[in-house]
Amino acid sequence: MTETNGKRAHVIVISNEKGGTGKSTITMHLAVKLLQEGFSVATIDLDGRQGSLSKYIENRQDFCDQRQIDLPIPEHFRFEPETNHYLIPQARETIGRKIYELMSQVDAIVIDTPGAKNYMFEEAHKYADTVITPITDSLVDLNVLADIDFSGGKIRRPGHYADFIWETKKFLAAQEQPFLNWIVCGNKTASTRSRNRTTVFEYLEKLSKMYGFRLCEGLRDRVIYRELFLEGLTVLDMQHPALKMRMSLSHLAAKIEIKNLAEFISPE
């Protein structure tokens, strides 16, 4: 199902063919930021077996129920991978149909994808307006984007994930969507500027010009992101009058990071 006439929602796909890059944290914070801005938002967890995003939202709902606090919560859907090979086409169609239905019901759909390519991963990208690829400041993470000779400083060829995004762009162009807003953002990066972090972002700058993505500095590695997960909260909730949580300079910086990422989605 690829028809997009009458589409209203902006579809944001958080993806990387590598686990541990913090996709669920970004998905949740972006969803809450959009809700606070007055947009209607649906979230979809396609990494349903691990279910990090689904658990995050469940924690949030429980927290609100227990404290009798009204915090914005997105309409949420969770899908687990179909293990029966013969049922995969039907499962793929179910995901595509749900995304398509939501397009006319909400302003934004934020999709958390698995850390490896499968039919669910592929289906989400067919509807993407924006793809956000979180990447840590590890040289290993660059492998999904490019095969790099670090000793000689040469970029040999695109990585498997960059190849997939190129195929996605061609597919969307065939569906009369000429532009895919591809954003690569740092996530869980070191707070102090190290030689390793500098090297990673220097290569990302080069790759952005070669492969056509926009580079965002993104989110630093902050304990607060992990702590708030247990209660389903985000740094954007901390100043809610019913919570009365004290915010340190680090918390304020984290809030600015989320704000900057949300604003970065608009290429204008």
Side-chain angles (χ1 to χ4, degrees), residues 1-28 30-31 40-62 73-106 108-135 141 143-144 159-175 177 180 182 229 232:
M1 183 181 297
T2 58
E3 181 183 353
T4 58
N5 291 334
K7 173 179 173 180
R8 181 169 67 92
H10 188 94
V11 180
I12 305 169
V13 177
I14 316 298
S15 81
N16 191 338
E17 280 192 72
K18 184 182 183 302
T21 58
K23 295 188 296 294
S24 299
T25 297
I26 287 180
T27 302
M28 186 66 173
L30 278 179
S40 56
V41 180
T43 50
I44 300 178
D45 188 352
L46 294 184
D47 197 8
R49 178 168 292 170
Q50 180 172 324
S52 297
L53 176 63
S54 298
K55 183 60 177 177
Y56 206 147
I57 292 176
E58 180 184 330
N59 290 346
R60 188 176 182 84
Q61 185 64 67
D62 289 344
I73 300 176
E75 185 178 5
H76 183 65
F77 303 88
R78 177 177 182 172
F79 293 90
E80 295 193 21
E82 176 56 64
T83 57
N84 187 324
H85 176 75
Y86 297 102
L87 296 179
I88 286 179
Q90 180 180 344
R92 179 192 289 268
E93 175 66 19
T94 298
I95 293 170
R97 185 184 304 113
K98 175 53 65 177
I99 297 172
Y100 185 75
E101 289 174 352
L102 288 170
M103 284 179 174
S104 62
Q105 298 172 7
V106 295
I109 305 170
V110 191
I111 305 176
D112 188 13
T113 60
K117 187 172 70 171
N118 60 13
Y119 73 92
M120 307 168 82
F121 184 98
E122 294 171 346
E123 193 67 17
H125 288 77
K126 290 182 179 180
Y127 298 86
D129 296 299
T130 293
V131 171
I132 298 178
T133 302
I135 189 166
D141 277 18
N143 286 333
V144 299
H160 54 278
Y161 178 73
D163 277 335
F164 172 74
I165 294 296
W166 173 244
E167 293 300 319
T168 298
K169 287 183 176 181
K170 291 195 293 184
F171 172 84
L172 293 173
Q175 305 303 314
Q177 182 180 321
L180 175 65
W182 183 20
F229 171 85

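Since the structure is predicted, the reported quantities are computational estimates derived from the model, not experimental observations. Start at 1 with the first residue, then count along the sequence.
- In this structure, the separation between CE on Met103 and NE2 on His10 is 10.5 Å, given to the nearest 0.5 Å.
- Note on Glu123 versus Arg92: salt bridge recorded, some NZ/NE/NH1/NH2 to OD/OE distance being below 4.0 Å.
- For the pair His76/Leu53, a side-chain contact is recorded, criterion being any heavy-atom separation below 4.5 Å from C-beta on.
- Using a 4.5 Å cut-off on side-chain heavy atoms (C-beta onward), Ile165 and His125 make contact.
- One distance of note links CE of Met120 with CZ of Phe79; it measures 7.5 Å at 0.5 Å rounding.
- For Phe164 and His160, the distance between ring centers is not under 6.0 angstrom.
- Under a 3.5 Å cut-off, the side chain of Tyr161 and the backbone N or O of Lys18 do not form any donor-acceptor pair.
- Ring planes of Phe229 and Tyr56: perpendicular class, angle over 60° (limits at 30 and 60°).
- Residue Thr21 forms a side chain to side chain contact (heavy atoms under 4.5 Å, CB included) with just one option from Ile26, Thr133, Asp141, Ile14, and that option is Asp141.
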>> With side-chain contact (heavy atoms from CB on, under 4.5 Å) as the criterion, how do Asn59 and Lys55 come out once you've worked through the C-alpha distance, each side chain's angles and the decisive distance to 0.1 Å?
In response: CA-CA 6 Å; Asn59 290 346; Lys55 183 60 177 177; 3.3 Å; yes
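- Here the closest heavy-atom approach between residue Ser24 and residue Asp112 is recorded as OG-OD2, 2.6 Å.
- A distance of 13.5 Å separates CD1 in Ile111 from NZ in Lys23, rounded to the nearest 0.5 Å.
- When side chains are defined from C-beta on, Leu46 does not count as touching Asn118, because their heavy atoms never get closer than 4.5 Å.
- Although no hydrogens or angles enter the test, the distance criterion places a donor-acceptor pair under 3.5 Å between the side chain of Gln177 and the main chain of Ala128.
- By the 4.5 Å heavy-atom criterion applied to side chains, Gln90 and Glu82 are not counted as neighbours.
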>> Using side-chain contact (heavy atoms from CB on, under 4.5 Å), reason through Val131 and Thr168 one step at a time and then give a plain yes or no.
In response: CA-CA 10 Å; Val131 171; Thr168 298; 5.8 Å; no
>> Could you walk me through whether Trp182 and Lys169 satisfy the side-chain contact (heavy atoms from CB on, under 4.5 Å) test, starting with their C-alpha distance in whole Å, then the side-chain angles of each, then the deciding distance to 0.1 Å, before giving a yes or no?
In response: CA-CA 10 Å; Trp182 183 20; Lys169 287 183 176 181; 4.3 Å; yes
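- Between Ser52 and Asp45, the shortest heavy-atom distance links the atoms N-OD2, 4.1 Å.
- For the atom pair CD of Glu58 and CZ of Arg78, the computed distance is 8.0 Å after rounding to the nearest 0.5 Å.
- The two residues Val11 and Tyr127 have their closest heavy-atom pair at CB-O, 3.2 Å.
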